[in-house]
Amino acid sequence: MKEFQKDLIDWYIHNHRPLEFRLKKDPYEIWISEIMAQQTRIEAMLPYFKRWIQQLPDIESVAKCDDEKLNKLWQGLGYYSRCKNIKKCAIECVEKYNGKLPRTKEELLKLPGIGPYTAGAIASIANGQRVSAVDGNVIRVFSRLYDICEDVTKTSVKKQIEMLVDESLPSKEEISYYNQALMELGALICIPKSPRCDICPIKKYCEASDPASLPYKPKKSARKIEYKHVYVWIHQNKVHVVKRADTGLLAGLYGFDETKPEHIIESIELKPYIHIFSHVEWHMDATLCIVDREDSNYKTIEEIEEYIALPSAFMPFMKQVEEYLWKK
DNA sequence: GTCCGGTGTG
DNA sequence: CACACCGGAC
């Protein structure tokens with residue numbers, strides 16, 4: 001092993017967080033946890049992961065699972081298309097690979113929802129294949145190590161970094177540790193702001209002249225603002241929910257109406273709420289409408305909690321409605 | 001308010 | 001290549 005690899009792995013062995021989902025090295029569990037970890041802090045995604053594995057212990061159970069139930073298990077995690085892709089991928093694994101994930105990065109890459117990072121993570125961590133797993137942490141570590149000042153959001157620069165990582169890989173015996181060590185270094189030491197260079201185990205290899213300024217990413221353009229009026233229809237102890245379109249923002253999840261119901265008995269203004277997505281802000285006013293008749297889209301609070309996937313954007317209104325029904 | 005992040009699509 | 005897609009940390 002090269003000195004650089006040894007320094008990094010030694011540090012990792014003594015300093016890494018105990019990430020239980022990577023200990024078992026079960027490809028299925030690595031896959032689910034990596035997809036979940038892509039958009040959330042580890043602590044936030046952990047309860048989701050535990051619940052998912054408990055209810056869906058293998059790929060076949062995912063392939064058979066109802067979309068509504070999968071969405072409910074994913075509710076609040078964001079980037080819901082990942083959940084949809086997990087199901088597509090599970091079905092493909094059942095059809096083509098006997099209910100297992102394929103073993104190599106190259107084959108994994110062909111599956112829906114699995115890109116270069118996830119393919120590399122599964123192949124190297126679960127199967128010991130000597131391939132890279134370049135996530136945002138690794139981009140940051142390598143942009144600093146090699147003082148790469150170009151825009152890392154460009155595909156060409158990412159490719160360049162991936163090549164440097166590929167050249168740095170140790171033998172297959174150490175590959176799992178090595179890839180995790182790079183990510184863990186990025187998570188604990190080589191952090192975005194105020195990197196902790198004083199205690200960095202690989203600082204003697206680092207060429208960054210101003211580490212805190214790397215990696216360079218151009219400013220994102222301003223979000224566009226959309227104004228919405230949400231009408232929460234209720235009848236007796238039930239709330240009206242509607243399934244959203246299967247493309248676009250929050251596809252296939254549930255929400256509230258954006259039209260007034262007929263037969264209103266009483267209207268109550270709710271507290272407005274601004275929900276911020278990456279490119280859009282929803283500035284929402286909301287009205288609670290008490291309606292004197294019912295249809296099949298009215299659900300009790302218990303039914304909503306049990307199987308209606310309601311994204312975070314609507315939660316503040318849901319909370320206010322719960323409060324209203326509870327007081328009544 | 002700012003920043004973070006993999007993959008799919010167009 | 002740029003942009004859509006989410007929620008949370010600070």
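Each chain gets a letter, A, B and so on, in the order its sequence line appears, and its residues count up from 1.
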Between P on B/dC4 and CE on A/M36, what's the gap in Å once rounded to a whole number? 25 Å
Just N and O in the side chain of A/H279: are any of them under 4.0 Å from OP1 or OP2 of C/dC3? no
Which is it for A/K243 and A/E68 under the salt bridge (Lys or Arg N to Asp or Glu O under 4.0 Å) test, yes or no, and what are the steps along the way? CA-CA 10 Å; A/K243 194 169 166 68; A/E68 303 292 331; 2.9 Å; yes
Aromatic plane relationship, A/F4 with A/Y205 - under 30° parallel, 30 to 60° tilted, over 60° perpendicular: perpendicular
What's the CG-C1' distance between A/L188 and B/dC4, to the nearest Å? 16 Å
A/W233 vs A/Y298 aromatic rings, parallel, tilted or perpendicular, using cut-offs 30° and 60°? tilted
Along DNA chain C (nearest heavy atom to each residue), the more 5'-positioned of A/L77 and A/D151: A/D151
A/I189 side chain reached by A/W11 side chain, heavy atoms, under 4.5 Å: yes
For a quick check of understanding: with a heavy-atom distance under 4.0 Å over all strands, which category does A/I276 fall into, base, sugar-phosphate or nothing? base
Taking CD1 from A/I35 and C1' from C/dC6, how many angstroms apart are they, rounded to a whole number? 15 Å
Given the options A/Y117, A/Y12, A/Y178, A/M183 meets side-chain contact (heavy atoms from CB on, under 4.5 Å) only with A/Y117
Whole angstroms only, please: what is the CD-C1' distance between A/Q75 and C/dG8? 16 Å
Looking only at the side chain of A/R223 (C-beta and beyond, no hydrogens), which of the listed nucleotides B/dT2, C/dG7, B/dG5 gets closest? B/dT2
Give the rounded distance in Å between these two atoms: NE2 of A/H275 and P of B/dG1. 15 Å
Can a side chain N or O of A/S312 be found less than 4.0 Å away from OP1 or OP2 on C/dG7? yes
Given the rule in the salt bridge (Lys or Arg N to Asp or Glu O under 4.0 Å) test, do A/K96 and A/E107 qualify, once you have shown the distances and angles that lead to the verdict? CA-CA 11 Å; A/K96 287 196 195 156; A/E107 293 169 288; over 6 Å; no
Within residues 152-163 of chain A, residues whose heavy atoms come under 4.0 Å of DNA chain C: A/K154, A/T155, A/S156
Result for 5'-nearest mapping on DNA chain C, choosing between A/K224 and A/P311, is A/K224
Under 3.5 Å donor-acceptor pair, A/Y79 side-chain atoms to B/dG5 base atoms: yes
Please determine whether a side-chain nitrogen or oxygen atom of A/Y117 lies at a distance below 4.0 Å from atom OP1 or OP2 of B/dG5. no
For the side-chain contact (heavy atoms from CB on, under 4.5 Å) test, which of A/H229, A/E226, A/K228 pairs with A/M284? A/K228
Can you tell me if A/K84 touches the phosphate of B/dG8, counting only side-chain N or O atoms and a distance under 4.0 Å to OP1 or OP2? no
Using OP1 and OP2 only, check whether a side-chain N or O of A/S81 sits under 4.0 Å from C/dA4. no
Over how many whole Å does the gap from A/E150 atom CD to C/dC1 atom C1' extend? 16 Å
Measure from NZ on A/K193 to C1' on C/dC10 and round the result to the nearest Å. 6 Å
Under 4.0 Å: is that the gap between some side-chain N or O of A/R41 and OP1 or OP2 of C/dG7? no
Among A/Y28, A/W74, A/F21, find the residue that satisfies the ring-ring contact (aromatic ring centres under 6.0 Å, His included) test when tested with A/F49. A/F21
Which whole-number value in Å describes the distance from A/K217 NZ to B/dG6 C1'? 12 Å
